[in-house]
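Working notes for the structure below.
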Amino acid sequence: MAPINDEIAREFPFFRVYKDGRIEIFYKTQKVPPSTDAVTGVQSKDVTIQPEPAVSARIFLPKIQDPAQKLPVLLYLHGGAFIFESAFSPIYHNFVGRLAAEAHAIVVSVEYGLFPDRPPPACYEDSWAALKWLASHGSGDGTESWLNKYADFDRLLIGGDSGGANLSHYLAVWVGSIGQPDLKIGGVVLVHPFFGGVEEDDQMFLYICPENGGLEDRRLRPPPEDFKRLACGKMLIFFAAGDNLRGAGQLYYEDLKKSEWGGSVDVVEHGEGHVFHLYNSDCENAADLVKRFGSFINQK
(Lines give C-alpha, C1' and ligand atoms only; values in the text may rest on other atoms or scores of the structure.)
Protein backbone atom coordinates (compact mmCIF):
# COMPACT_ATOMS: atom_id res chain seq x y z
CA MET A 1 0.00 0.00 0.00
CA ALA A 2 1.34 3.42 -0.99
CA PRO A 3 2.09 5.75 1.94
CA ILE A 4 -0.36 8.58 2.58
CA ASN A 5 0.99 11.97 1.55
CA ASP A 6 -0.52 14.66 3.75
CA GLU A 7 1.11 17.50 1.84
CA ILE A 8 -1.58 19.86 0.56
CA ALA A 9 -1.59 20.73 -3.14
CA ARG A 10 -4.62 23.09 -3.23
CA GLU A 11 -7.08 24.40 -0.67
CA PHE A 12 -10.50 25.95 -1.29
CA PRO A 13 -13.34 27.18 0.94
CA PHE A 14 -15.05 23.77 1.14
CA PHE A 15 -12.33 21.21 0.43
CA ARG A 16 -8.61 20.59 0.08
CA VAL A 17 -6.63 18.51 -2.39
CA TYR A 18 -3.59 16.52 -1.25
CA LYS A 19 -0.58 15.85 -3.47
CA ASP A 20 -1.41 12.15 -3.55
CA GLY A 21 -4.75 13.02 -5.18
CA ARG A 22 -6.99 12.63 -2.14
CA ILE A 23 -9.78 15.18 -1.69
CA GLU A 24 -11.07 16.11 1.76
CA ILE A 25 -14.52 17.71 1.90
CA PHE A 26 -14.85 19.88 5.01
CA TYR A 27 -18.62 19.50 5.43
CA LYS A 28 -20.24 16.17 6.11
CA THR A 29 -23.84 16.01 4.98
CA GLN A 30 -26.34 14.22 7.18
CA LYS A 31 -29.50 12.70 5.76
CA VAL A 32 -32.94 12.09 7.27
CA PRO A 33 -35.73 9.82 5.98
CA PRO A 34 -38.97 11.12 4.45
CA SER A 35 -41.80 11.61 6.91
CA THR A 36 -45.15 13.24 7.65
CA ASP A 37 -44.96 16.49 9.60
CA ALA A 38 -47.19 16.27 12.68
CA VAL A 39 -47.94 20.02 12.68
CA THR A 40 -48.47 20.88 9.00
CA GLY A 41 -49.51 17.48 7.67
CA VAL A 42 -46.98 17.75 4.82
CA GLN A 43 -46.02 14.28 3.61
CA SER A 44 -42.75 13.42 1.87
CA LYS A 45 -41.41 10.42 0.00
CA ASP A 46 -38.36 9.61 -2.10
CA VAL A 47 -38.43 8.65 -5.76
CA THR A 48 -35.88 7.47 -8.31
CA ILE A 49 -35.74 9.66 -11.41
CA GLN A 50 -33.11 7.62 -13.20
CA PRO A 51 -30.88 4.77 -12.00
CA GLU A 52 -27.69 5.57 -13.93
CA PRO A 53 -26.31 8.07 -13.43
CA ALA A 54 -28.27 8.11 -10.19
CA VAL A 55 -30.75 10.96 -9.84
CA SER A 56 -33.46 10.96 -7.20
CA ALA A 57 -35.76 13.40 -5.43
CA ARG A 58 -37.82 13.95 -2.31
CA ILE A 59 -41.41 14.94 -3.06
CA PHE A 60 -43.38 17.04 -0.56
CA LEU A 61 -47.18 16.98 -0.63
CA PRO A 62 -49.15 19.45 1.51
CA LYS A 63 -52.21 18.36 3.46
CA ILE A 64 -55.00 17.75 0.95
CA GLN A 65 -58.28 19.43 1.84
CA ASP A 66 -60.01 18.98 -1.52
CA PRO A 67 -58.95 15.89 -3.54
CA ALA A 68 -60.20 17.55 -6.73
CA GLN A 69 -57.97 20.60 -6.29
CA LYS A 70 -54.85 20.81 -8.44
CA LEU A 71 -51.75 22.30 -6.82
CA PRO A 72 -48.83 24.33 -8.17
CA VAL A 73 -45.58 22.37 -8.42
CA LEU A 74 -42.05 23.58 -7.75
CA LEU A 75 -38.82 21.89 -8.81
CA TYR A 76 -36.33 22.81 -6.06
CA LEU A 77 -32.53 22.64 -6.33
CA HIS A 78 -30.50 22.76 -3.13
CA GLY A 79 -27.30 24.72 -2.62
CA GLY A 80 -23.88 23.61 -1.40
CA ALA A 81 -21.44 24.85 -4.06
CA PHE A 82 -22.02 21.65 -6.12
CA ILE A 83 -19.88 19.90 -3.51
CA PHE A 84 -21.99 19.12 -0.43
CA GLU A 85 -25.54 19.18 0.97
CA SER A 86 -28.51 17.10 -0.11
CA ALA A 87 -32.23 17.15 -0.76
CA PHE A 88 -32.35 14.64 2.11
CA SER A 89 -30.42 16.69 4.70
CA PRO A 90 -32.25 18.01 7.78
CA ILE A 91 -32.00 21.67 6.79
CA TYR A 92 -33.39 21.14 3.30
CA HIS A 93 -36.00 18.63 4.42
CA ASN A 94 -37.28 21.16 6.96
CA PHE A 95 -37.10 24.20 4.68
CA VAL A 96 -38.76 22.56 1.69
CA GLY A 97 -41.47 21.03 3.87
CA ARG A 98 -42.16 24.43 5.38
CA LEU A 99 -42.34 25.98 1.91
CA ALA A 100 -44.75 23.28 0.68
CA ALA A 101 -47.03 24.03 3.63
CA GLU A 102 -46.86 27.81 3.17
CA ALA A 103 -47.49 27.72 -0.60
CA HIS A 104 -49.84 24.73 -0.46
CA ALA A 105 -47.78 23.38 -3.35
CA ILE A 106 -46.08 20.15 -4.35
CA VAL A 107 -42.30 20.51 -4.18
CA VAL A 108 -39.89 18.12 -5.89
CA SER A 109 -36.48 18.54 -4.24
CA VAL A 110 -33.73 17.10 -6.45
CA GLU A 111 -30.76 14.98 -5.36
CA TYR A 112 -28.12 15.61 -8.04
CA GLY A 113 -24.51 14.53 -8.48
CA LEU A 114 -21.75 16.33 -6.54
CA PHE A 115 -18.01 16.86 -6.80
CA PRO A 116 -15.71 14.94 -6.63
CA ASP A 117 -17.62 11.77 -7.59
CA ARG A 118 -19.60 13.54 -10.30
CA PRO A 119 -18.22 17.04 -10.93
CA PRO A 120 -20.02 19.68 -13.00
CA PRO A 121 -21.60 19.59 -15.50
CA ALA A 122 -23.26 16.53 -13.83
CA CYS A 123 -25.34 18.76 -11.55
CA TYR A 124 -26.74 20.62 -14.57
CA GLU A 125 -27.44 17.40 -16.48
CA ASP A 126 -29.09 15.74 -13.47
CA SER A 127 -31.28 18.78 -12.84
CA TRP A 128 -32.34 18.74 -16.50
CA ALA A 129 -33.19 15.04 -16.23
CA ALA A 130 -35.30 15.81 -13.15
CA LEU A 131 -37.18 18.60 -14.91
CA LYS A 132 -37.95 16.39 -17.91
CA TRP A 133 -39.08 13.60 -15.58
CA LEU A 134 -41.36 16.02 -13.78
CA ALA A 135 -42.82 17.29 -17.06
CA SER A 136 -43.53 13.70 -18.17
CA HIS A 137 -46.40 13.71 -15.66
CA GLY A 138 -48.20 16.53 -17.43
CA SER A 139 -50.62 14.15 -19.16
CA GLY A 140 -51.45 12.41 -15.87
CA ASP A 141 -49.83 9.06 -16.68
CA GLY A 142 -46.34 9.42 -15.23
CA THR A 143 -44.64 7.09 -12.74
CA GLU A 144 -45.44 9.14 -9.62
CA SER A 145 -49.03 9.07 -8.34
CA TRP A 146 -48.89 12.32 -6.34
CA LEU A 147 -47.91 14.24 -9.46
CA ASN A 148 -50.47 12.50 -11.65
CA LYS A 149 -53.28 13.19 -9.20
CA TYR A 150 -52.55 16.61 -7.72
CA ALA A 151 -50.07 18.60 -9.85
CA ASP A 152 -51.19 21.55 -11.96
CA PHE A 153 -48.59 21.74 -14.74
CA ASP A 154 -49.91 25.10 -15.85
CA ARG A 155 -48.32 26.35 -12.60
CA LEU A 156 -44.86 24.79 -12.79
CA LEU A 157 -41.97 26.76 -11.28
CA ILE A 158 -38.24 26.28 -10.71
CA GLY A 159 -36.28 27.54 -7.72
CA GLY A 160 -33.18 27.06 -5.65
CA ASP A 161 -30.64 28.71 -3.39
CA SER A 162 -26.96 29.55 -3.93
CA GLY A 163 -25.58 26.97 -6.40
CA GLY A 164 -29.14 25.67 -6.78
CA ALA A 165 -30.22 29.15 -7.92
CA ASN A 166 -27.51 28.99 -10.57
CA LEU A 167 -28.91 25.64 -11.71
CA SER A 168 -32.44 27.10 -11.74
CA HIS A 169 -31.37 29.91 -14.07
CA TYR A 170 -29.79 27.47 -16.51
CA LEU A 171 -32.76 25.12 -16.55
CA ALA A 172 -34.95 28.04 -17.63
CA VAL A 173 -32.37 28.96 -20.29
CA TRP A 174 -32.25 25.38 -21.59
CA VAL A 175 -36.03 25.17 -21.83
CA GLY A 176 -36.00 28.38 -23.87
CA SER A 177 -33.10 27.16 -26.03
CA ILE A 178 -34.29 23.64 -26.77
CA GLY A 179 -37.97 24.47 -27.03
CA GLN A 180 -39.57 21.66 -25.06
CA PRO A 181 -43.28 21.66 -26.05
CA ASP A 182 -44.29 19.83 -22.85
CA LEU A 183 -42.50 22.31 -20.57
CA LYS A 184 -44.12 25.57 -19.55
CA ILE A 185 -42.25 27.37 -16.78
CA GLY A 186 -44.43 29.80 -14.87
CA GLY A 187 -41.65 31.43 -12.86
CA VAL A 188 -38.16 31.12 -11.40
CA VAL A 189 -37.02 31.90 -7.84
CA LEU A 190 -33.35 32.58 -7.09
CA VAL A 191 -32.38 32.67 -3.41
CA HIS A 192 -28.95 34.22 -2.74
CA PRO A 193 -27.75 33.11 -6.18
CA PHE A 194 -24.20 32.05 -6.99
CA PHE A 195 -22.80 33.69 -10.12
CA GLY A 196 -19.18 34.01 -9.09
CA GLY A 197 -17.71 37.39 -8.30
CA VAL A 198 -15.60 36.28 -5.33
CA GLU A 199 -12.08 35.20 -6.27
CA GLU A 200 -11.82 32.14 -4.03
CA ASP A 201 -15.26 30.93 -5.09
CA ASP A 202 -14.51 31.57 -8.76
CA GLN A 203 -11.27 29.58 -8.56
CA MET A 204 -13.04 26.78 -6.72
CA PHE A 205 -15.70 26.54 -9.43
CA LEU A 206 -13.09 26.50 -12.20
CA TYR A 207 -11.26 23.69 -10.38
CA ILE A 208 -14.28 21.46 -9.83
CA CYS A 209 -15.50 22.06 -13.39
CA PRO A 210 -12.45 21.36 -15.59
CA GLU A 211 -14.38 22.01 -18.82
CA ASN A 212 -14.88 25.74 -18.33
CA GLY A 213 -14.54 29.01 -20.16
CA GLY A 214 -12.53 30.79 -17.49
CA LEU A 215 -13.94 33.70 -15.52
CA GLU A 216 -16.26 34.51 -18.43
CA ASP A 217 -17.78 31.01 -18.32
CA ARG A 218 -21.50 31.45 -18.99
CA ARG A 219 -22.28 29.61 -15.73
CA LEU A 220 -20.42 32.34 -13.82
CA ARG A 221 -21.37 35.31 -15.97
CA PRO A 222 -24.49 34.66 -18.08
CA PRO A 223 -24.24 36.33 -21.50
CA PRO A 224 -27.05 38.49 -22.96
CA GLU A 225 -28.25 35.70 -25.26
CA ASP A 226 -28.92 33.45 -22.27
CA PHE A 227 -31.16 36.03 -20.62
CA LYS A 228 -33.09 36.36 -23.87
CA ARG A 229 -33.75 32.61 -23.85
CA LEU A 230 -35.18 32.47 -20.30
CA ALA A 231 -38.39 30.44 -20.60
CA CYS A 232 -40.38 32.18 -17.89
CA GLY A 233 -42.38 35.36 -17.63
CA LYS A 234 -41.52 36.25 -14.06
CA MET A 235 -38.69 35.92 -11.59
CA LEU A 236 -38.15 36.56 -7.89
CA ILE A 237 -34.64 37.15 -6.54
CA PHE A 238 -33.78 37.10 -2.84
CA PHE A 239 -30.66 38.93 -1.72
CA ALA A 240 -28.93 39.01 1.67
CA ALA A 241 -27.12 42.24 2.54
CA GLY A 242 -24.31 40.39 4.33
CA ASP A 243 -23.76 37.86 1.54
CA ASN A 244 -20.37 37.88 -0.16
CA LEU A 245 -22.16 36.78 -3.34
CA ARG A 246 -24.40 39.86 -3.22
CA GLY A 247 -22.34 41.90 -5.71
CA ALA A 248 -22.42 39.27 -8.45
CA GLY A 249 -26.12 38.75 -7.79
CA GLN A 250 -26.72 42.47 -8.29
CA LEU A 251 -24.80 42.34 -11.56
CA TYR A 252 -26.99 39.42 -12.67
CA TYR A 253 -30.10 41.47 -11.82
CA GLU A 254 -28.83 44.50 -13.75
CA ASP A 255 -27.91 42.38 -16.77
CA LEU A 256 -31.34 40.75 -16.64
CA LYS A 257 -33.09 44.13 -16.58
CA LYS A 258 -31.04 45.35 -19.57
CA SER A 259 -31.62 42.17 -21.56
CA GLU A 260 -34.25 41.35 -24.18
CA TRP A 261 -35.92 38.85 -21.84
CA GLY A 262 -39.13 40.88 -21.50
CA GLY A 263 -40.38 39.36 -18.22
CA SER A 264 -40.94 40.92 -14.80
CA VAL A 265 -38.53 40.56 -11.90
CA ASP A 266 -39.03 41.35 -8.21
CA VAL A 267 -36.27 41.66 -5.63
CA VAL A 268 -36.43 41.09 -1.88
CA GLU A 269 -33.45 41.85 0.37
CA HIS A 270 -32.92 40.90 4.01
CA GLY A 271 -30.24 42.25 6.32
CA GLU A 272 -28.76 38.79 6.84
CA GLY A 273 -25.99 36.50 5.61
CA HIS A 274 -25.88 33.89 2.87
CA VAL A 275 -28.67 31.25 3.16
CA PHE A 276 -29.49 32.49 6.67
CA HIS A 277 -32.97 30.98 6.38
CA LEU A 278 -31.51 27.47 6.46
CA TYR A 279 -29.42 27.90 9.58
CA ASN A 280 -31.62 30.36 11.49
CA SER A 281 -35.00 29.12 10.35
CA ASP A 282 -36.89 30.48 13.36
CA CYS A 283 -35.94 34.12 12.80
CA GLU A 284 -38.41 36.71 11.54
CA ASN A 285 -36.65 37.22 8.23
CA ALA A 286 -36.63 33.47 7.51
CA ALA A 287 -40.40 33.43 8.02
CA ASP A 288 -40.69 36.43 5.69
CA LEU A 289 -38.62 34.68 3.02
CA VAL A 290 -40.81 31.58 3.13
CA LYS A 291 -43.98 33.71 3.03
CA ARG A 292 -42.82 35.74 0.03
CA PHE A 293 -41.58 32.62 -1.77
CA GLY A 294 -44.95 30.96 -1.21
CA SER A 295 -46.84 34.04 -2.36
CA PHE A 296 -44.82 34.14 -5.59
CA ILE A 297 -45.64 30.48 -6.30
CA ASN A 298 -49.34 31.30 -6.08
CA GLN A 299 -49.32 34.47 -8.18
CA LYS A 300 -51.62 34.21 -11.17
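Treat the numbers as computed from the prediction; the structure is a model and nothing was measured.
Remark: Arg22 is positioned above the aromatic ring of Tyr18, its terminal NZ or CZ atom under 6.0 angstrom from the ring centre and at most 45 degrees off the axis. Cation-pi geometry between Lys234 and Phe296 is satisfied (NZ or CZ under 6.0 Å from the ring centre, within 45° of the ring normal).
Here the straight-line distance linking atom CD of Glu144 with atom CD1 of Ile49 works out to 10.5 Å at 0.5 Å rounding. Here the CG atom belonging to Asn285 is positioned 9.0 Å from the CG atom belonging to Asn280, to the nearest 0.5 angstrom. Here the OG atom belonging to Ser127 is positioned 4.5 Å from the CG atom belonging to Leu167, to the nearest 0.5 angstrom. Leu245 contributes atom CG, which lies 10.5 Å from atom CZ of Phe195 (distance to the nearest 0.5 angstrom). To the nearest 0.5 Å, the span separating OG on Ser162 from CG on Leu190 amounts to 11.0 Å. One distance of note links NZ of Lys184 with SG of Cys232; it measures 12.5 Å at 0.5 Å rounding.
The aromatic ring centroids of Phe239 and His192 lie 6.0 Å or more from each other. Not less than 6.0 angstrom separates the ring centroid of Phe12 from the ring centroid of Phe205. His169 has its ring centre less than 6.0 Å from the ring centre of Phe227. Ring centroids of Phe88 and His93 are separated by 6.0 Å or more, keeping the two rings apart.
Of all heavy-atom pairs between Glu211 and Asp217, the closest is O-OD2, 4.4 Å. Pro90 approaches Val32 most closely through the heavy-atom pair CG-CG1, 3.6 Å.
Between Ile106 and Phe60 the shortest side-chain heavy-atom distance does not fall below 4.5 Å. With a 4.5 Å cut-off on side-chain heavy atoms, Arg10 and Tyr207 count as touching. Contact of the Tyr76 side chain with the Val110 side chain is not registered, since no non-hydrogen atoms from C-beta on lie closer than 4.5 Å. Lys45 is listed as a side-chain neighbour of Trp146, based on a closest heavy-atom distance under 4.5 Å. Contact of the Ile25 side chain with the Pro116 side chain is registered, since non-hydrogen atoms from C-beta on lie closer than 4.5 Å. Counting heavy atoms from C-beta outward, Ile64 and Tyr150 have side chains that approach closer than 4.5 Å. No side-chain heavy atom of Cys123 sits less than 4.5 Å from a side-chain heavy atom of Leu114. Side-chain contact between Leu230 and Val188: absent, with no pair of heavy atoms (C-beta onward) separated by less than 4.5 Å.
For Ser295 (side chain) and Lys291 (main-chain N/O), no donor-acceptor pair under 3.5 Å exists by modelled atom type. Between the Asp152 side chain and the Leu71 main chain, no donor and acceptor come within less than 3.5 Å of each other. The closest donor-acceptor contact from the side chain of Ser44 to the backbone of Ser35 lies under 3.5 Å. When atom types are taken as modelled, the side chain of Asn94 and the backbone of Ile91 share no donor-acceptor pair closer than 3.5 angstrom. For the pair Ser168 (side chain) and Gly164 (backbone), a donor-acceptor distance under 3.5 Å is present.
Summarising the local packing, NZ of Lys70 is surrounded by more than 12 heavy atoms from other residues, nucleotides or ligands at distances under 6.0 Å. By the 6.0 Å contact criterion, CD on Glu284 is open, its count of non-hydrogen atoms from other residues, nucleotides or ligands being 12 or less.
In this model, a donor atom of one side chain and an acceptor atom of the other lie less than 3.5 Å apart for Asp37 and Thr40. There is no side-chain donor-acceptor pair under 3.5 Å between His78 and Asp161. With no hydrogens or angles considered, a side-chain donor-acceptor pair links Gln250 and Glu254 at under 3.5 Å.
No chain of hydrophobic side-chain contacts below 4.5 Å, direct or via other Ile, Leu, Val, Met, Phe, Trp or Tyr residues, connects Leu74 to Leu61. When the side chains of ILVMFWY residues are joined at heavy-atom separations under 4.5 Å, either directly or via intervening members, Tyr92 and Phe194 end up in two distinct hydrophobic clusters. A continuous path of hydrophobic side-chain contacts links Leu256 to Ile185 [ILVMFWY only; heavy atoms under 4.5 Å]. Linking Ile, Leu, Val, Met, Phe, Trp and Tyr residues whenever their side-chain heavy atoms come within less than 4.5 Å places Trp174 and Trp133 in a single cluster. Linking Ile, Leu, Val, Met, Phe, Trp and Tyr residues whenever their side-chain heavy atoms come within less than 4.5 Å leaves Phe293 and Ile158 in two separate clusters.
Using a cutoff of 4.0 Å between basic side-chain nitrogens and carboxylate oxygens, Arg229 and Glu260 are not scored as salt-bridged.
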Run Lys31 and Glu111 through salt bridge (charged side-chain N to carboxylate O under 4.0 Å, His left out) and show every step you take. CA-CA 11 Å; Lys31 297 185 180 182; Glu111 183 78 343; 3.2 Å; yes
Let's go through Arg292 and Asp288 carefully: what are the C-alpha distance in whole Å and the side-chain angles of both, what is the deciding distance for salt bridge (charged side-chain N to carboxylate O under 4.0 Å, His left out) to 0.1 Å, and is it a yes or a no? CA-CA 6 Å; Arg292 289 173 182 263; Asp288 182 70; 2.8 Å; yes
Phe15/Phe26 under ring-ring contact (aromatic ring centres under 6.0 Å, His included): CA gap, chis, key distance, verdict: CA-CA 5 Å; Phe15 68 96; Phe26 299 149; 7.6 Å; no
Run the numbers on Lys258 and Asp255 for salt bridge (charged side-chain N to carboxylate O under 4.0 Å, His left out), then give the verdict. CA-CA 5 Å; Lys258 290 185 296 186; Asp255 287 347; 3.8 Å; yes
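Between Tyr124 and Phe82, the two ring planes are tilted [angle within 30° to 60°].
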